[in-house]
K.L.:
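Below you will find the structure I want to go over with you.
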Amino acid sequence: MPVKISVRPNGPYLIEGECEVVDPTGKKVETGGKPTIALCRCGGSSNKPFCDGTHNKIGFKAS
Ligand code: FES
């Protein structure tokens, strides 16, 4: 099944399907085996690369 990446209005990227996230050094980032993960798009998350909901608090706006 192909990976699906959706852009949430004023929010994160939703990644559905099996994927691997790596940091800038190539080290694997643990995703907890969740079927869907949310990656921060606003830059404000305290849990990068994942979304922690901060986009709502800082009023991030992007279609
Ligand atoms: S997109 Fe949600 S915290 Fe950045």
Side-chain angles (χ1 to χ4, degrees):
M1 185 170 115
V3 172
K4 179 179 177 184
I5 302 173
S6 307
V7 180
R8 299 294 303 150
N10 308 319
Y13 295 109
L14 294 183
I15 317 297
E16 299 173 72
E18 190 174 330
C19 69
E20 187 172 277
V21 179
V22 296
D23 71 12
T25 67
K27 182 181 173 191
K28 186 176 177 180
V29 176
E30 182 56 51
T31 61
K34 298 175 186 170
T36 301
I37 59 172
L39 297 179
C40 179
R41 190 162 67 107
C42 74
S45 175
S46 296
N47 189 31
K48 294 182 185 77
F50 304 107
C51 170
D52 68 355
T54 297
H55 59 272
N56 286 321
K57 296 176 191 163
I58 64 174
F60 178 67
K61 299 288 182 209
S63 56

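Position 1 is the first residue of the sequence, and the numbers go up from there. FYI, side chains are in, hydrogens and waters are out, and symmetry mates aren't considered; it's all heavy atoms of this structure.
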K.L.:
Return the set of residues passing side chain to side chain donor-acceptor pair (under 3.5 Å) with Thr25 (not counting sequence neighbours), or none when no residue passes.
P.N.:
Asp23

K.L.:
So which pairs with a foot in residues 26-39 pass side-chain hydrogen bond (donor to acceptor under 3.5 Å, both in side chains), sequence neighbours left out?
P.N.:
none

K.L.:
Supply the members, apart from Ile15, of the Ile/Leu/Val/Met/Phe/Trp/Tyr cluster built from side-chain contacts under 4.5 Å; use none for a lone residue.
P.N.:
Val3, Ile5, Val7, Tyr13, Val21, Val29, Ile37, Leu39, Phe50

K.L.:
With Lys48, which residues qualify under side chain to side chain contact (heavy atoms under 4.5 Å, CB included), at least two apart?
P.N.:
Ser45

K.L.:
Using every non-hydrogen atom in the two residues, find where Lys61 and Asn10 come nearest and quote the distance to one decimal.
P.N.:
CA-OD1, 3.3 Å

K.L.:
For a side chain to side chain contact (heavy atoms under 4.5 Å, CB included) check, start with the C-alpha distance between Ser6 and Glu16, then their side-chain angles and the critical distance, and finish with the verdict.
P.N.:
CA-CA 8 Å; Ser6 307; Glu16 299 173 72; 3.9 Å; yes

K.L.:
Test question: given the 4.5 Å side-chain rule for I, L, V, M, F, W and Y, name all other residues clustered with Ile58, or answer none.
P.N.:
Phe60

K.L.:
How far apart are the closest heavy atoms of Ala62 and Arg41, and which atoms are they?
P.N.:
O-NH2, 3.4 Å

K.L.:
With Thr54, which residues qualify under side chain to side chain donor-acceptor pair (under 3.5 Å), at least two apart?
P.N.:
Asp52

K.L.:
Looking only at heavy atoms, which two atoms of Cys40 and Gly43 are closest? And how far apart?
P.N.:
SG-N, 3.2 Å

